[in-house]
Chemist: 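Quick one: the structure is below, and I'll ask about it shortly.
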Amino acid sequence: MKFKPSIKPYTGAAGGWGSLEATTRYVLDSKQALKNLRNLMRVNKVRGFDCPGCAWGDDNHSTFSFCENGAKAVSWEATRNAVTAEFFATHSVSMLLQQSDYFLEYQGRLTQPMRYDASSDRYQPISWPDALALIAQHIKRMDNPNQIELYTSGRASNEASYLYQLFGRMLGTSNFPDCSNMCHEASGIGLKQSIGVGKGTIRMDDFERADAIFVFGQNPGTNHPRMLHSLKHAAHRGARIVSFNTLRERGLERFADPQNPIQMLTPTSSPISSAYYQPNLGGDMAAVRGMVKALLETHRQQLAAGQTGLFDLRFIEQHCVGVDAYLAQVDATSWAKITQQSGLSETQLREAAEIYRSAPRVICTWAMGVTQHKHSVATVREITNLQLLFGQLGKPGAGLCPVRGHSNVQGNRTMGIDEKAPTALLDSLAKHFNFSPRREPGHNTVEAIEAMLRGEVKVLIALGGNLAAAAPDSERTAQALRNCGLTVHISTKLNRSHLITGKDALILPTLGRTEQDMQASGAQFITVEDSFSMVHASEGIGKPLSDSQRSETAIVCGIADAVLGNQPLNWLELADDYSLIRDHIAATIAGFDDFNQRCELPGGFYLGNAAAELRFATPSGKAEFGAAALPDSLFPQLSGQTAPFTLQTLRSHDQYNTTIYGLDDRYRGVYGQREVLFINPDDLAALGMQDGERVEIETLWNDGVTRKVSGFKLVSYAIPRGNLAAYYPETNPLVPLASFGDGTGTPTSKSIPVAIRRKPAPASLRIA
């Protein structure tokens with residue numbers, strides 16, 4: 001496909017005809033238009049399949065339960081294009097490594113197991129029995145179980161994830177690096193510290209009852225577009241939507257519902273945000289602190305006047321601890337520091353505080369704009385503090401809502417994909433399966449890469465995902481992968497990770513969500529968990545492209561059987577009948593009683609949330625206020641140096657995680673290109689540069705390693721001065737592996753200190 005690069009401001013609303021046109025184009029481009037139209041009618045429906053895209057909850061009131069990006073995901077998966085043995089015979093790994101991520105995945109579905117042959121620099125076919133035997137051979141040659149890393153993508157089902165972690169624990173490891181480590185780890189940790197549960201406290205219908213919705217650090221128009229329907233309905237009935245986002249994003253401004261004939265046939269669109277604030281990158285904690293400081297001032301004025309005050313004192317006294325220490329910290333935080341760090345004025349923060357104060361029921365929602373900073377746990381706790389002050393938990397239309405990314409990333413953690421597994425889970429597994437799981441914590445994703453770099457990892461198995469593209473510090477991550485004795489990738493499509501091989505390497509082709517999963521006992525379904533703790537059954541309807549593709553569950557069982565044999569579990573029997581897996585889940589995971597029977601419930605079933613019922617599994621037994629100070633600097637490693645710019649990495653609209661569907665970013669006005677750098681126009685002028693100039697971007701760090709990317713086109717954008725934005729994975733080389741959140745291990749991909757300079761001219765063009 002050919003693209004003509006251009007920058008052209010997009011004037012339409014999010015959704016609308018642009019969304020409909022893009023959906024149609026991707027369905028047709030799949031070369032399976034009728035099949036995909038049928039697939040889309042079954043997305044997120046009862047007896048259908050769960051969208052392989054985001055983890056937003058299902059809206060069973062809509063005629064169609066998919067969005068533009070969901071349609072891209074479905075069409076991208078259910079393509080007729082195939083990567084066969086003939087493809088690999090004519091394309092060397094070295095040649096493929098030079099291609100773009102878009103080119104790689106556009107080639108189509110992987111259709112048979114392949115093993116890398118270093119002498120020919122090509123992948124060659126291998127049978128399933130031989131592939132499984134090779135994995136077992138490498139694992140049995142390990143000196144100890146900690147020499148294996150079991151990586152997991154959020155796309156994996158509950159059934160596959162449960163067996164995967166069970167296999168690892170029976171093998172003797174706790175090394176379960178996963179995509180959660182790189183995105184929402186701060187949400188889970190911060191919420192557990194504050195309220196004892198690492199998940200959101202609200203349900204989908206709470207959006208229909210909220211009087212105000214505060215949106216921090218997220219771009220729903222691209223990353224979870226179905227959320228726009230909930231925001232639109234809330235705005236229509238008068239709820240105030242307040243957005244804090246560094247960039248102006250079209251989906252947070254206005255939305256035209258593609259399912260609404262009036263909005264499609266007229267210029268009508270729905271305004272989303274009634275107030276929109278653009279904090280500095282990493283400034284959300286300071287912004288919330290400023291709101292609380294303003295509210296505390298009014299609260300004290302009312303108390304002094306003999307009134308009851310703003311805060312819910314009964315809720316605080318009955319259900320919380322630590323409020324005095326927190327309010328003392330608020331008092332100690334100056335307005336000067338709040339405004340400097342947030343990038344917002346005192347007037348703006350008082351305005352936001354007044355909107356919050358006037359709303360009886362408030363939802364606070366956030367995503368990776370909050371969770372990929374050094375102080376992200378403290379920021380999550382600061383948002384929670386605000387809600388606790390006003391008793392905004394345990395009542396309809398109010399609560400905390402981290403919006404997670406990939407479908408079932410929350411379910412993976414529920415199923416035990418956790419390098420620091422809860423004691424209760426380990427006790428339950430030990431009792432049910434009569435073995436002694438390792439109790440010491442294992443590696444998160446950054447720790448796993450560091451272990452690979454040290455040469456300590458013999459085997460890496462990746463259940464989905466694209467670790468080479470998703471992880472930070474791309475050159476060091478690539479070297480880490482090459483240090484492994486064996487890399488195994490369980491994948492639907494070709495991606496960059498397959499081309500950065502260990503000394504031995506396998507690609508194992510797996511079924512997608514859209515496809516029928518036929519096993520010995522008949523057609524199978526799997527389950528997933530969304531961001532609202534709802535568990536849904538998902539059953540594919542399309543015929544697989546190849547008989548050699550196996551389900552993730554069957555592949556995991558095959559590996560476990562080859563390594564461990566059929567004791568104490570008959571793994572192959574579990575692969576034949578997934579209901580047996582769900583019986584084991586019901587016996588060992590809290591909230592899954594009668595799992596198989598509850599899967600029949602239309603719309604799925606709710607796992608529950610103790611904090612939403614005002615039961616707090618914290619050391620004190622109550623919700624605990626956090627009393628962290630604002631950070632002195634986002635970049636303490638620079639030892640007092642000031643970074644010229646702070647860069648965040650983000651997705652384009654034609655992208656989901658590392659999957660590149662196309663080269664457009666429609667809402668931001670970028671077409672046919674990805675190497676662009678969004679910058680404030682005044683910063684452009686101060687640099688003496690112009691739109692369209694090419695620059696190199698270099699990370700400022702203190703470890704002596706040069707991290708630089710070049711050839712990025714400057715694009716003026718509505719972003720605060722001193723802040724920059726660019727797409728990943730193209731800018732992942734700039735994120736130091738050692739730069740991660742306090743207590744989380746999550747790469748600080750939303751706060752990278754960088755300098756930019758003009759791209760040096762080629763040597764032949766330089767003037768002596």
Chemist: Given Glu675 and Lys713, is the salt bridge (charged side-chain N to carboxylate O under 4.0 Å, His left out) satisfied, shown in steps?
Modeler: CA-CA 6 Å; Glu675 292 186 343; Lys713 181 188 291 186; over 6 Å; no
Chemist: Please determine whether side-chain hydrogen bond (donor to acceptor under 3.5 Å, both in side chains) holds for the pair Lys750 and Gln648, giving the CA-CA distance in whole Å, both sets of side-chain angles, and the decisive distance to 0.1 Å.
Modeler: CA-CA 4 Å; Lys750 296 292 187 290; Gln648 70 163 320; 4.6 Å; no
Chemist: Could you tell me which residues satisfy salt bridge (Lys or Arg N to Asp or Glu O under 4.0 Å) with Arg668, sequence neighbours excluded, listed by chain and number?
Modeler: Glu249, Asp665
Chemist: I'd like to check the ring-ring contact (aromatic ring centres under 6.0 Å, His included) partners of Phe207; sequence neighbours left out, ordered by chain and number.
Modeler: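 Here the qualifying residues are Trp56.
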Chemist: Using distance alone, with no hydrogens and no angle criterion, decide if Trp366 and Thr379 have a side-chain donor and acceptor under 3.5 Å apart.
Modeler: no
Chemist: Look at Glu693 together with Arg758 and state whether they make a salt bridge at an N to O cut-off of under 4.0 Å.
Modeler: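 Looking at Arg758 together with Glu693, the answer is yes, because their closest N to O distance falls below 4.0 Å.
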Chemist: Could you report the tightest heavy-atom contact between His653 and Gly221, atom names first, then the distance?
Modeler: CE1-O, 3.2 Å
Chemist: Does any N or O in the side chain of Asn732 come within less than 3.5 Å of the main-chain N or O of Pro472, such that one atom is a donor and the other an acceptor?
Modeler: no
Chemist: Can you confirm if the NZ or CZ of Arg651 lies within 45° of the ring axis of Tyr656 and under 6.0 Å from the centre of its six-membered ring?
Modeler: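 Yes, Arg651 and Tyr656 form such a contact.
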Chemist: Holding to side chain to side chain donor-acceptor pair (under 3.5 Å), I want the full list of residues that pass it with Ser497, two or more places apart in sequence or in another chain.
Modeler: Asn466
Chemist: Could you check whether Arg707 pairs with Glu698 (Lys NZ or Arg NE/NH1/NH2 to Asp/Glu carboxylate O, under 4.0 Å)?
Modeler: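 No, Arg707 and Glu698 are not salt-bridged.
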Chemist: Once side chain to side chain contact (heavy atoms under 4.5 Å, CB included) is applied, do any residues pair with Asn702, and if so which ones, sequence neighbours excluded?
Modeler: Gln637
Chemist: Between Arg350 and Glu354, does any side-chain N to carboxylate O distance fall below 4.0 Å?
Modeler: no
Chemist: Can you see which heavy atom on Asn444 is nearest to which on Thr744, and at what distance?
Modeler: ND2-O, 4.0 Å
Chemist: Partners of Phe390 by ring-ring contact (aromatic ring centres under 6.0 Å, His included), sequence neighbours excluded?
Modeler: Phe311, Tyr356
Chemist: What's the spacing between Met689 CE and Asp683 CG if we round to 0.5 Å?
Modeler: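 The CE atom of Met689 sits 11.0 Å away from the CG atom of Asp683.
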Chemist: For side-chain hydrogen bond (donor to acceptor under 3.5 Å, both in side chains), just list the numbers for Ser531 and Arg404, CA-CA rounded to whole Å, side-chain angles, deciding distance to a tenth of an Å, and then say yes or no.
Modeler: CA-CA 6 Å; Ser531 283; Arg404 288 178 163 88; 5.8 Å; no
Chemist: Phe740: which residues meet the ring-ring contact (aromatic ring centres under 6.0 Å, His included) condition with it, sequence neighbours left out?
Modeler: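 Scan of Phe740 (ring-ring contact (aromatic ring centres under 6.0 Å, His included), adjacent residues dropped) gives none.
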Chemist: Closer than 3.5 angstrom, by distance alone: can the side chain of Gln372 be matched with the main-chain N or O of Thr649 as a donor-acceptor pair?
Modeler: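 Judged by distance alone, no pair lies under 3.5 Å.
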Chemist: Between Glu185 and Arg413, does any side-chain N to carboxylate O distance fall below 4.0 Å?
Modeler: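 The answer is yes: the pair qualifies as a salt bridge.
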Chemist: How far apart are the C-alpha atoms of Tyr277 and Glu351, what are their side-chain angles, what is the distance that settles it, and do they pass the side-chain hydrogen bond (donor to acceptor under 3.5 Å, both in side chains) test?
Modeler: CA-CA 10 Å; Tyr277 305 104; Glu351 176 186 79; 2.3 Å; yes
Chemist: Is Ser358 reaching over with its side chain to a backbone N or O of Ile355, donor-acceptor style, under 3.5 angstrom?
Modeler: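 Looks like yes, one N/O pair under 3.5 Å.
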Chemist: Looking at Ala359, is its backbone amide N or carbonyl O close enough to the side chain of Asp211 to form a donor-acceptor pair, meaning the two atoms are under 3.5 Å apart?
Modeler: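 Here the side-chain-to-backbone pair does not exist.
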Chemist: Below 4.0 angstrom, N of the basic side chain to O of the carboxylate: do Arg674 and Asp664 qualify?
Modeler: no
Chemist: Check the side chains of Thr646 and Asn723 for a donor-acceptor pair under 3.5 angstrom, ignoring hydrogens and angles.
Modeler: no
Chemist: Output the distance between atom CD1 (Ile7) and atom OH (Tyr671), rounded to the nearest 0.5 Å.
Modeler: 9.5 Å
Chemist: Do Leu734 and Leu647 have side chains that get closer than 4.5 Å, going by heavy atoms?
Modeler: yes
Chemist: Whether the Thr748 and His373 side chains hold a donor-acceptor pair (N or O, under 3.5 Å, no angle test) is what I'd like checked.
Modeler: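 Short answer, no.
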Chemist: Between Ser376 and Thr371 (side chain of the first, backbone of the second, donor and acceptor by atom type, cut-off under 3.5 Å), is there such a pair?
Modeler: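 Yes, the answer is positive, given that a donor and an acceptor are paired below the 3.5 Å cut-off.
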Chemist: Using every non-hydrogen atom in the two residues, find where Leu349 and Met291 come nearest and quote the distance to one decimal.
Modeler: O-CG, 3.8 Å
Chemist: I'd like to know if Glu253 and Arg248 make a salt bridge, using a cut-off of under 4.0 Å between side-chain N and carboxylate O.
Modeler: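 Yes, Glu253 and Arg248 are salt-bridged.
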Chemist: For Asn495 and Asp101, which I'm curious about, is there any donor-acceptor pair between the side chains at under 3.5 Å?
Modeler: no
Chemist: If I compare all heavy atoms of Thr445 with all of Asp178, which pair ends up nearest, and what's the gap?
Modeler: OG1-O, 2.9 Å
